[in-house]
Amino acid sequence: AGGVAALLDVVRGDDVLGRVNASSALDPMMQHHPASAADVADNGSVEALLDVVRLYDARGRSCASHALSTMMMHHPAAAADVSRRGGAVALLDVVRGDDATG
């Protein structure tokens with residue numbers, strides 16, 4: 001979980017590009033090591049990733065959306081957390097192409 005914690009520290013940080021890149025790195029890690037999705041979800045990543053989804057930058061929104069999707073696929077309990085935090089609306093906005101200002 002050390003790598004997960006390190007990436008999530010960056011996702012929670014103030015550096016927008018760092019947040020986007022760390023979100024991007026989480027997705028393939030969870031795809032190729034599905035058990036890591038539970039580590040990501042259990043480390044409180046949902047809100048941090050949703051913050052990146054809500055950014056104005058299309059790449060950031062895409063990277064974080066993919067990471068959330070992969071997390072929910074491999075750790076279904078995370079879907080409830082995403083839903084509780086308004087994630088369904090944020091993810092639908094990405095699918096519709098709406099920007100963060102709505």
Side-chain angles (χ1 to χ4, degrees):
V4 168
L7 287 169
L8 289 175
D9 283 346
V10 177
V11 171
R12 292 184 190 102
D14 294 328
D15 178 356
V16 173
L17 183 58
R19 295 178 82 187
V20 170
N21 288 336
S23 298
S24 181
L26 285 169
D27 184 42
M29 180 183 66
M30 292 184 290
Q31 286 180 22
H32 298 290
H33 188 310
S36 68
D39 289 337
V40 173
D42 293 344
N43 275 290
S45 66
V46 170
E47 189 60 41
L49 287 167
L50 284 172
D51 284 347
V52 177
V53 168
R54 294 176 179 123
L55 288 174
Y56 293 76
D57 177 83
R59 180 172 176 261
R61 293 166 61 96
S62 176
C63 290
S65 294
H66 283 279
L68 285 165
S69 173
T70 301
M71 179 184 8
M72 291 186 292
M73 184 180 346
H74 294 298
H75 188 64
D81 197 15
V82 170
S83 179
R84 248 190 325 276
R85 296 175 187 275
V89 171
L91 293 170
L92 285 171
D93 285 347
V94 172
V95 170
R96 287 191 289 252
D98 295 345
D99 68 15
T101 61

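The number of heavy atoms from other shown groups lying within 6.0 Å of NE2 (H75) is above 12. In this structure, D14 places its CG atom where only 12 or fewer heavy-atom neighbours from other residues, nucleotides or ligands lie under 6.0 Å away.
The main-chain N or O of Q31 is never found under 3.5 Å from a side-chain atom of T70 such that the two would form a donor-acceptor pair. Between the H33 side chain and the S36 main chain, a donor and an acceptor come within less than 3.5 Å of each other. The backbone N or O of A58 sits nowhere less than 3.5 Å from a side-chain atom of S62 that would complete a donor-acceptor pair. Within the 3.5 Å criterion, the main-chain N or O of A79 finds no donor-acceptor partner in the side chain of S83.
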Checklist entry - Can V46 and R84 be said to form a side chain to side chain contact (heavy atoms under 4.5 Å, CB included), step by step? => result CA-CA 10 Å; V46 170; R84 248 190 325 276; over 6 Å; no
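Put simply, CZ on R19 and CG on L8 are 11.5 Å apart, with the number rounded to the nearest 0.5 Å. Considering CD of E47 and CZ of R54, their distance stands at 5.5 Å, rounded to 0.5 Å. Note that CG of D81 is 8.0 Å distant from OG of S45, once rounded to the nearest 0.5 Å. Once rounded to the nearest 0.5 Å, the distance linking CG of D39 with CE of M29 reads 7.5 Å. To the nearest 0.5 Å, atoms CG (L68) and CE (M73) are separated by 11.5 Å.
Grouping the Ile, Leu, Val, Met, Phe, Trp and Tyr side chains by contacts below 4.5 angstrom, directly or via other members, places V10 apart from V20. Under the 4.5 Å side-chain contact rule for hydrophobic residues, L17 and L26 do not share a cluster. L49 and V16 fall within the same hydrophobic cluster, defined by Ile, Leu, Val, Met, Phe, Trp and Tyr side-chain heavy atoms under 4.5 Å apart, directly or through other members.
Considering every non-hydrogen atom in both P34 and H74, the closest pair reads CB-ND1, 3.5 Å. Residues V4 and N43 share a closest heavy-atom pair of CG1-ND2, 3.9 Å. Across all their heavy atoms, G60 and V52 have their closest contact at O-CG1, 3.4 Å. Considering all non-hydrogen atoms of both residues, S23 and A67 come closest at O-CB, 3.7 Å. Across every non-hydrogen atom of A48 and R12, the tightest pair is CB-CG, 3.7 Å.
R59 has its side chain within reach of N21: a pair of non-hydrogen atoms, C-beta onward, lies under 4.5 Å apart.
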